[in-house]
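Here the structure comes first, spelled out in structure tokens, and everything after it is commentary.
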Amino acid sequence: MAEYVGIDLGTTLSGLAYLKPDGNPEIVPNSDGERLTPSVVFFEAHEDVKLVGSAARDGGEPDRTVFQIKRYMDDPEHLVEIDGKKWTPAEISALILSKLKRDCSKIIGEIKEVVITVPANFNELARKSTIAAAEMADLKVKRLVNEPTAAAVYYAHSQGVQGRILVYDLGGGTLDVTILNVEGDNIRILTSEGARHLGGSNFDEMLLEAYAEQYRKQTGAKLFTDERHRRRVLQTTEDAKKMLSKLQRVNDTVANDKNDGIARIDLTRESFEKLIRQMLTRTVMLVEQALDSAKLKTSEIDHVVLVGGSTRIPKVKTVLEKLFGKTPKSCGNVDECVALGAAIFAKRSARIQEVCNASYGTLAMVYNARTGDEKLMNSIVIPKNTPIPCSRTQIYQTSEDNERVIEVDITQGEDEDAKFVDVIGRITLEVPPNRPKGCEIAVTFSYDENQRVRALVVDKLSGRSREVAVSYKGAGVLSEEDLKRKSAHLRTMRIE
Amino acid sequence: MFKKILQSLSRSQTAKTETAKQVPAKNPAPAAHQARGVLNQIAQPAATPSKSQTPEELCQITPKMSKDQIKAQLKLLYRRYNRSASSLDSKIRSEADQMLTAIVTVREKNFGEI
């Protein structure tokens with residue numbers, strides 16, 4: 001049985017690694033002989049089989065193929081309907097995890113418990129959906145770990161480096177920036193920032209538009225009119241993008257499926273870099289945000305580490321080199337280091353100090369006695385980047401006489417402007433009648449190592465209190481019964 | 001110096017409604033926006049990008065602002081709209097995307113391309 005197993009459940013590629021007896025992690029290939037499995041599922045119409053991986057990606061039936069499901073892990077309304085059955089993102093992800101588990105266990109033995117990686121800014125529902133997917137695939141999740149943390153763990157392990165490391169993880173669908181400190185065997189995360197919907201697939205879509213424009217100019221016709229052909233051209237643009245990381249110029253020919261002629265596409269690395277320049281500027285702004293968040297200057301970063309397939313783009317390295325004044329380092333295979341780091345994390349999690357990924361607080365009318373100003377604000381109780389586990393308390397006052405029910409909204413977000421944070425829950429506490437306004441209420445938030453939050457509200461006068469686990473229980477979250485049923489059903493499926 | 005008075009979302013919205021009842025507004029105040037799923041966003045982001053507005057107008061950058069002020073404003077807006085860009089609501093996400101494009105455009109004009 002493999003004791004320490006890590007899984008990178010990626011937007012475009014997924015991988016499984018285990019820790020060998022010598023303490024070094026290794027990627028376990030799937031049954032198709034591939035080290036990484038495309039996160040694509042194809043629902044075959046004629047045979048009762050679900051294809052996962054390259055076969056699914058290259059299948060060519062877009063109506064029955066699911067790509068990039070990870071982008072929807074926190075969307076309870078996103079359902080994929082195939083042959084009348086509606087599949088949730090967690091169920092689709094469970095098929096990918098099942099393929100990894102079934103294939104890899106043939107090589108390394110039974111896999112029971114795993115560490116799964118998630119983007120640093122994955123919210124509560126996305127994390128829950130990931131755990132649900134694993135449970136459906138009959139995998140017990142030991143811990144979820146943020147992807148850049150896993151990558152940094154691998155980098156620190158393989159390179160033996162010390163000091164402050166900034167991890168720039170530009171994958172297929174997301175960008176994560178994490179800053180951490182390595183001292184001996186101990187790793188302390190300082191901050192993580194993320195951008196959803198910013199990754200290699202955005203660059204592919206931009207190239208696709210450029211191809212379509214050139215095709216229109218040369219032939220006067222549309223390059224694609226249906227999803228099937230659009231997918232084919234998209235695959236071509238992805239290949240062209242990869243070529244441009246190695247060559248200065250790529251020549252290509254494309255045609256639509258209506259016999260409107262062939263167009264010659266002439267792409268240079270320079271024109272591609274121009275195309276994606278604004279997106280790369282966004283990534284630089286996220287790096288700056290992470291530095292601000294950790295109160296660090298670029299000169300205080302000892303190592304810049306590149307993770308994720310999109311960091312193969314030469315311009316990414318150039319931009320970061322200009323910003324930091326030092327050459328960014330790659331941690332070996334940029335596509336594999338997250339899974340490899342997750343396997344190490346499975347054994348060494350006790351030596352890794354993580355932080356709150358977001359600030360938690362409540363809404364309060366804050367009155368400034370000196371200026372007389374008052375405004376509704378997001379009042380933060382636990383600031384982002386507080387080392388976890390942790391617990392913090394703030395004292396508030398009631399706003400009205402004879403208030404019978406105290407309502408405490410639980411906010412998530414750093415902005416002091418209440419318009420730019422999310423209310424993720426509410427605690428109501430009934431208190432005795434006939435009390436004046438201004439009674440003290442203590443609000444305590446606790447944050448555990450699994451990134452779960454609890455909130456406690458105490459009315460100091462009466463001693464009444466209420467504590468809740470802050471967790472999303474709405475649409476999209478399966479009950480225990482549902483999970484067991486779906487897990488049993490999944491075990492009967494043919495997944496190749 | 002600071003007194004913090006608990007104010008729940010429902011209470012602040014009730015107060016808004018009562019104010020709106022007293023003073024008939026030309027444009028009704030937006031109700032609290034219930035985003036789908038986990039995120040219950042309090043309101044739409046303040047700026048709704050309009051095609052007629054320049055990137056500077058969208059980012060509330062004025063000619064009198066110093067470079068440091070512009071930088072600080074762009075950082076604040078980037079933090080806000082990068083967060084909105086993850087919204088499940090495609091309208092909010094699309095608006096955030098337009099704002100991020102405006103932020104990058106203003107940055108490039110004032111501080112050069114990367």
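Chain letters run A, B, ... following the sequence lines, proteins first, then strands; residues in each count from 1.
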Is chain A contacted by the side chain of B/E113, its backbone, both, or neither, given a heavy-atom distance below 4.5 Å? both
Under a 4.5 Å heavy-atom cut-off, does chain A meet the side chain of B/L74, its backbone, both or neither? both
Taking A/G194's backbone N and O only, do any of them form a donor-acceptor pair with B/N82's side chain (distance below 3.5 Å, no angle check)? yes
Could you tell me whether [X] and [Y] make a salt bridge, using a distance below 4.0 angstrom between a side-chain N and a carboxylate O?
X      : Y      : answer
A/D422 : B/R83  : yes
A/D415 : B/R79  : no
A/E288 : B/R107 : yes

Measuring from atom [atom1] of [X] to atom [atom2] of [Y], what distance do you get when rounded to the nearest 0.5 angstrom?
X      : Y      : atom1 : atom2 : answer
A/M285 : B/I114 : CE    : CD1   : 11.5 Å
B/I5   : A/E374 : CD1   : CD    : 6.5 Å
B/S86  : A/R71  : OG    : CZ    : 11.0 Å
A/E440 : B/L6   : CD    : CG    : 11.0 Å
B/K4   : A/Y396 : NZ    : OH    : 5.5 Å

For chain B, find its close neighbours in residues 273-283 of chain A: heavy-atom separation under 4.5 Å, sorted by number, or none. A/R277, A/Q278, A/L280, A/T281, A/R282
Based on non-hydrogen pairs under 4.5 Å, which of A/D292, A/L286, A/V408, A/V284 is most in contact with chain B? A/L286
With chain B, which of A/M377, A/K322, A/Q397, A/K315 has the greatest number of heavy-atom pairs at distances under 4.5 Å? A/Q397
Might you confirm whether atom CZ of A/F272 has over 12 heavy atoms from other residues, nucleotides or ligands at distances under 6.0 Å? yes
Please check if the number of heavy atoms outside B/K71 that lie under 6.0 Å from its NZ is greater than 12. no
Heavy-atom proximity to chain B below 4.5 Å, by part of A/K437: neither
Residues at least two apart in sequence or cross-chain that pass side chain to side chain donor-acceptor pair (under 3.5 Å) with A/R435, listed by chain then number, are A/D459
The criterion is side chain to side chain donor-acceptor pair (under 3.5 Å); which residues satisfy it with A/S271, sequence neighbours excluded? A/T268
Taking 4.5 Å as the heavy-atom cut-off, does anything in residues 62-69 of chain B contact chain A, and if so which residues? none
Side chain to side chain contact (heavy atoms under 4.5 Å, CB included) between B/K75 and A/Q289: does it pass, once the steps are laid out? CA-CA 7 Å; B/K75 279 185 175 183; A/Q289 185 174 303; over 6 Å; no
